[in-house]
Amino acid sequence: MPNFDKEYFNIGYLDTLSYRQTFIHRINPGIKLVVTLVFILIVVSFSKYEIHRLMPYFAFPVFLISAGEIPTGVILKKIFIVSPFVLFAGMFNPMLDTTIVYTISGVPVSGGWVSYVSIIIKFILTISSALLLIATTSFPGICSALEKLRVPKVFVMQLLFIYRYLFVLAEEAMRIVRARNMRAFGKHGRDIKTFINIIGTFLIRSIERSERIYHAICSRGFDGRIRLLRDIKFKFTDIIFALLSVSVFIILRMYDIAELIGDAVLKF
Amino acid sequence: MSHHIIEFNNVHFTYPDGTDALKGLDFRITHGESVGIVGANGAGKSTLISHMNGYLLPAKGTITIGDLQLNKSTINHARKTVGVVFQNPDDQLFMPTVFDDVAFGPLNLGMTRERVIERVNEALTTVGCLNLKDKPPHHLSMGQKRAVTIAAVIAMQPDILVMDEPAASLDPKSRRQLINLLKEFRHTKIIASHDLDLIRDVCTRCLVISDGEVTADGRTDEILLNEPLLEENNLELPLSLQHK
Amino acid sequence: MSHHIIEFNNVHFTYPDGTDALKGLDFRITHGESVGIVGANGAGKSTLISHMNGYLLPAKGTITIGDLQLNKSTINHARKTVGVVFQNPDDQLFMPTVFDDVAFGPLNLGMTRERVIERVNEALTTVGCLNLKDKPPHHLSMGQKRAVTIAAVIAMQPDILVMDEPAASLDPKSRRQLINLLKEFRHTKIIASHDLDLIRDVCTRCLVISDGEVTADGRTDEILLNEPLLEENNLELPLSLQHK
Amino acid sequence: MHMADALLSPAVGTTFWAGSMGIIVYCAKKLKENIDERMIPLMGVLGAFIFAAQMINFTIPATGSSGHIGGGMILAALLGPYAAFIVIASVLTIQSLFFADGGILALGCNIWNMGVYPCFIAYPLIYRTMVKTGSGSRRILIASILSVIAGLQLGAFSVVLQTMLSGRSELPFSTFVYMMLPIHLAIGLVEGFITASVINFVKSMRPEIIESISLSRSLSQGVSIKKVFTGFLIMAALTGGVMSWFASSHPDGLEWSIEKIYGKPELPEQEHGIAPALKQVQDKTAFLPGYNFKQSDEASTKLKGGESWPAIGAGTSVSGIIGSIMVLGIILLLGAGIKILKTRRA
Ligand SMILES: Nc1ncnc2c1ncn2[C@@H]1O[C@H](COP(=O)(O)OP(=O)(O)OP(=O)(O)O)[C@@H](O)[C@H]1O
Ligand SMILES: Nc1ncnc2c1ncn2[C@@H]1O[C@H](COP(=O)(O)OP(=O)(O)OP(=O)(O)O)[C@@H](O)[C@H]1O
Ligand SMILES: [Mg+2]
Ligand SMILES: [Mg+2]
């Protein structure tokens with residue numbers, strides 16, 4: 001299981017970034033979602049020995065970071081935190097696949113190393129595009145896009161509710177931990193029995209909170225349907241963005257740009 | 001307009017764990033009155049307020065809102081008539097943005113898009129939060145959350161406005177703004193609070209609750225000067241009258 | 001006893017989402033002082049208080065408690081020395097019953113059963129909540145919760161007592177008892193509040209915080225009468241001075 | 001045990017996306033038929049609770065390290081399988097976006113691994129059959145431990161399978177299984193114990209909560225076992241069908257389709273994808289338990305014998321490397337350029 005340290009839960013900052021106003025932030029959320037999906041699919045479609053062909057795809061995250069004014073460090077840090085499983089699962093490639101595929105100035109490189117590097121590059125590309133999607137698109141925006149894409153309403157409702165109460169309950173949990181630590185010195189008070197008392201009480205409180213929320217919803221005329229007053233229109237720029245980026249992804253999939261450039265340089 | 005009347009008749013309530021919180025409440029509030037509810041900690045004020053639009057239903061006795069007696073089938077009417085601002089704003093702002101939240105009620109009332117937008121803008125302007133429209137509630141400060149909760153209730157234009165401890169954790173200036181807002185609201189309003197100075201500023205009538213019963217009911221300026229009564233109910237003279 | 005000294009030196013703090021909440025705080029509180037902390041909503045009072053026993057650690061600058069500089073290794077010392085009552089009582093009562101909750105701290109200090117029971121009863125009696133001993137905390141009224149939180153901290157008999165908005169939702173009598181309790185507490189005490197009358201009653205010194213900095217620091221009776229300063233900080237004259 | 005985009009092939013990723021989406025639609029329909037409105041905020045708050053509760057940790061006895069709850073089975077026990085599945089799926093979706101846990105393509109696999117097994121296998125087949133209204137706390141304890149372990153083992157095994165089918169990792173099947181299952185057995189024991197204790201705690205403090213929730217999730221909450229198995233059969237057929245279709249035309253599905261469209265058959269029949277992967281699985285399990293790295297080493301080299309490294313000579317690879325560096329350089333320069341322009345204008 002991942003190590004749930006503080007950084008992992010520090011999602012408030014990404015959320016704050018998503019409310020900025022740049023050209024990237026203003027692009028229709030649905031378009032951004034679909035473009036990101038296409039990007040990820042194309043990236044993972046490369047076979048495990050292709051490295052240099054993946055390189056041009058860095059253009060997408062780098063473009064989003066710079067045009068969306070997203071601090072690079074934040075994204076890098078997040079990528080670093082979630083990496084262990086991938087690093088582990090790919091770790092054996094260099095040991096097990098020892099066919100030599102490259103010789104770089106006399107140093108032989110095995111297929112295993114190539115495929116390991118390719119996994120890591122894919123990892124960076126796919127993870128950063130997911131993070132950048134959320135850093136440049138407000139979550140409610142993504143949810144209304146999902147609704148437009150015919151994702152079941154109950155599911156979208158759940159996403160909205162969890163998003164809303166995630167922050168409330170996370171802070172509540174943090175304050176509970178604070179209260180416990182204040183009166184538990186060092187390791188005392190962290191035993192499993194106290195833990196169950198705390199979690200159980202927290203669960204009951206959450207359930208009771210849902211009752212109050214239900215009442216609040218009803219007080220404002222809830223009848224089983226949640227209505228959103230929001231219509232997201234397609235702007236001209238949205239369509240341009242979608243067409244441009246998808247065709248660049250496909251062209252890069254068809255032509256080996258890195259190698260073409262490399263060839264040109266070598267000839268020169 | 002009998003719409004704006006609230007009447008409690010011998011209302012009893014017991015919490016599931018056996019605590020008798022209300023023990024036969026009796027009172028009647030008519031159109032346009034502004035009523036303060038005061039009393040010791042644990043006297044039953046919040047429990048009483050939870051009955052006003054059916055969050056809790058009485059175990060015994062009856063509650064009448066407008067012309068209708070409150071029960072499971074009239075609960076929706078009560079919810080439309082009585083707008084309640086509870087103690088914790090987080091439980092009441094459930095939508096992902098301030099705009100969506102304030103629009104939620106009017107949309108459910110079946111208004112047109114334009115009317116809804118107008119109402120929302122109006123309500124947010126009243127509480128001075130129009131600039132927060134696109135923010136998610138978790139990016140607001142406590143005082144801002146409270147203001148938005150009030151806007152969400154105002155946007156539904158309830159006939160009766162009810163608030164539980166509305167000034168808690170507001171700084172003195174925001175508290176003063178809230179007092180002015182309440183003074184301007186022309187319909188029936190009911191406010192439970194320990195802030196007796198606020199009650200004195202806003203309410204003309206005052207109910208004193210003690211151990212689940214009404215022990216006094218009268219003009220605010222009489223009740224809040226009645227020192228033996230105050231003493232009995234864990235209360236004090238409003239601070240602005242305690243010249244030092 | 002240098003035990004009871006708190007010193008902040010150019011303390012900066014930024015929340016994970018980028019909010020700069022403290023921007024270089026400097027002050028020194030010595031043994032036996034009683035200090036009020038006032039300021040607008042969002043000024044940084046609660047953030048400051050969260051630093052007092054290491055719930056938050058400064059991004060820059062140093063904090064000294066007694067003889068020790070506060071850091072990860074001295075945090076347990078700070079927690080034993082400084083008892084903090086935070087703003088929201090809901091999050092401090094995490095055990096299934098009021099008794100368990102108040103006993104939690106003393107038990108962790110390694111006292112015997114008898115001593116713990118004695119301490120708990122004493123603390124609950126002080127705040128007038130002995131009868132609530134077996135109730136689950138989330139089933140208390142707001143004011144009762146606050147009183148129990150105060151009991152939980154008193155039961156640990158800290159050297160330095162810190163409270164964030166301690167009187168909110170207490171009824172006037174409990175508020176008065178709290179004031180008396182605080183007056184009797186002989187060690188260092190620090191109180192953040194919007195209740196300027198309480199500050200005026202309990203504290204001899206007063207810090208005004210504005211936008212993460214100390215904008216004024218002086219005798220309470222001077223600061224709370226300085227109307228331009230108050231105005232600037234969303235504050236008002238204490239109500240008991242607003243003769244009407 | 002979050003599956004990750006980088007370890008997936010498009011075929012495996014999209015198949016499980018489709019599978020998980022199908023189940024979400026199915027659950028949504030089920031919920032719509034007989035929902036108590038109170039369930040909507042309850043589900044949302046419990047989803048947020050699962051996140052928040054993971055921030056509270058405890059010391060695991062004997063080891064001294066700290067742990068936290070996972071929570072899937074608590075959700076199933078409180079909400080019933082359909083609502084619990086929707087909540088788990090939403091939690092994972094938010095995790096994949098905000099925490100980038102796994103990624104967006106792997107979301108399908110993750111929902112499958114962490115939602116389907118606990119909600120539609122462990123819960124109905126183990127928990128529900130053992131625990132009835134009025135069951136004692138010991139029964140709840142045993143049922144929780146068994147069902148949590150079953151759910152986690154199936155999920156972990158599923159991670160291994162998805163990784164193998166995608167053919168991005170060289171990890172030998174048996175090693176992978178040996179590493180995943182015991183760890184998740186230990187996690188399952190602790191998690192099961194906590195699940196039971198929390199359920200018992202809520203039951204003792206507020207029995208009416210459990211009752212009223214289980215009332216509100218009304219009658220049809222029992223999952224029909226026949227349906228579960230039909231569902232799995234369909235999914236198995238779908239996976240098998242889609243994958244062998246992809247595998248027969250080209251190992252890396254999307255690559256195949258793009259090239260088909262743009263007519264640039266670049267890589268001659270490569271021999272990986274499902275068929276060799278399955279063969280690899282067979283080979284690997286055949287040396288159970290006495291495999292050693294050298295053997296599997298040979299095995300994989302042998303397997304790759306037929307696979308031609310896309311005709312790249314030393315010359316082209318050098319140009320590839322130089323090109324990569326240049327491309328990266330250009331991208332970074334352009335990115336920096338945009339940033340500078342933006343700050344200038346601001
Ligand atoms: N959910 C609950 N379950 C059981 N008892 C409760 C619950 N909520 C409140 N009580 C009890 O009911 C009584 C009345 O509580 P209520 O919250 O109405 O008081 P209040 O007048 O609002 O007090 P305060 O001024 O402190 O807010 C108290 O004794 C309280 O302990
Ligand atoms: N967890 C948090 N994450 C991000 N920002 C926060 C957080 N808590 C507080 N802030 C911000 O830090 C600033 C200081 O907040 P703080 O809570 O210290 O104010 P305060 O003086 O206690 O206000 P109040 O009188 O309303 O209690 C505010 O701008 C607030 O929005
Ligand atoms: Mg109350
Ligand atoms: Mg504060």
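Note that these values count all heavy atoms, side chains included, but never hydrogens, waters or copies made by symmetry. Numbers restart at 1 for each chain; the letters A, B, ... are given by sequence-line order, proteins then strands.
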#### Entry: Segment of A:I70 engaging chain D (4.5 angstrom heavy-atom cut-off)
backbone
### Message
For the interface with chain A, which of D:I330, D:L332, D:I24 has the highest count of heavy-atom pairs at distances below 4.5 Å?
### Response
D:I24
### Task
Answer with side chain, backbone, both or neither: which region of A:I134 has an atom nearer than 4.5 Å to a non-hydrogen atom of chain D?
side chain
### Task
Could you look at D:S197 and say if it's the side chain, the backbone, both or neither that has a heavy atom under 4.5 Å from chain A?
both
### Query
Pick from D:V202, D:V45, D:I199: which one has the most heavy-atom pairs with chain A under 4.5 Å?
D:V45
#### Entry: Residue pair A:Q158 / D:I40: nearest heavy atoms and the distance that separates them
NE2-O, 3.5 Å
### Query
For the side chain of A:Y57 and the backbone of A:F249, is there at least one donor-acceptor N/O pair under 3.5 Å apart?
yes
### Query
Below 4.5 Å, heavy atoms only, C-beta onward: do D:I104 and A:L133 meet side chain to side chain?
yes
#### Entry: Top contributor to chain D contacts, counting heavy-atom pairs under 4.5 Å, from A:F139, A:Y163, A:F167
A:F139
#### Entry: Shortest non-hydrogen contact between A:S45 and D:P10, atoms and distance
CA-CG, 3.5 Å
#### Entry: Max heavy-atom pair count under 4.5 Å with chain D, selected residue of A:S115, A:S129, A:A67, A:S128
A:A67
### Query
Side chain, backbone, both or neither: which part of A:S118 has an atom under 4.5 Å from a heavy atom of chain D?
neither
### Query
Checking A:R53 side chain against A:R253 main chain: does a donor-acceptor pair fall under 3.5 Å?
yes
### Closest-packed option against chain A by number of heavy-atom pairs under 4.5 Å, given D:A4, D:G13, D:A89
D:A89
### Task
Check whether A:T72 gets within reach of chain D through its side chain, its backbone, both or neither, counting any heavy atom under 4.5 Å.
both
#### Entry: Heavy-atom pairs under 4.5 Å with chain D, option from A:I65, A:N197, A:L260 with the top count
A:N197
#### Entry: Leading residue by heavy atom contact count with chain D [cutoff under 4.5 Å; candidates A:I204, A:V154, A:V168, A:V177]
A:I204
### Task
Fit a plane to each ring of D:Y82 and D:Y26, take the angle between them on a 0 to 90° scale, and name the class: parallel (under 30°), tilted (30 to 60°) or perpendicular (over 60°).
perpendicular
### Query
Using non-hydrogen atoms only, which part of A:Y116 is less than 4.5 Å away from chain D: side chain, backbone, both, or neither?
neither
### Query
Would a 4.5 Å heavy-atom cut-off, applied to side chains only, mark A:F58 and D:V327 as touching?
no
### Task
Identify the two heavy atoms, one from A:Y165 and one from A:I213, that lie closest to each other, and give their separation to 0.1 Å.
CZ-CD1, 3.3 Å
### Message
For D:L8, which atoms come within 4.5 Å of any heavy atom of chain A: side chain, backbone, both, or neither?
### Response
backbone
### Task
Could you check if a side-chain atom of A:F195 sits within less than 4.5 angstrom of a side-chain atom of D:V198, using non-hydrogen atoms only?
no
### Task
Identify which part of A:I217 has an atom lying under 4.5 Å from any heavy atom of chain D, answering side chain, backbone, both or neither.
side chain
### Message
If I measure from the heavy atoms of chain D, does A:E208 come under 4.5 Å with its side chain, its backbone, both, or neither?
### Response
side chain
#### Entry: Side-chain donor/acceptor of A:T22 to backbone N/O of A:I24, under 3.5 Å
yes
### Query
Side chain, backbone, both or neither: which part of A:I119 has a non-hydrogen atom closer than 4.5 Å to chain D?
both
### Task
Quick one: which of A:I162, A:L169, A:I261 has the most heavy-atom pairs under 4.5 Å with chain D, could you say?
A:I162
### Summary
Minimal heavy-atom distance between A:L131 and D:F98, with the atoms involved, is CD2-O, 3.8 Å
## Note on the structure
Comparing D:I340, D:L334, D:L328 against chain A, the one with the most heavy-atom pairs below 4.5 Å turns out to be D:L328
### Message
Quick check: do A:I257 and A:L252 have side-chain heavy atoms less than 4.5 Å from each other?
### Response
yes
### Message
What part of A:I124 gets within 4.5 angstrom of chain D, counting heavy atoms only: side chain, backbone, both, or neither?
### Response
neither
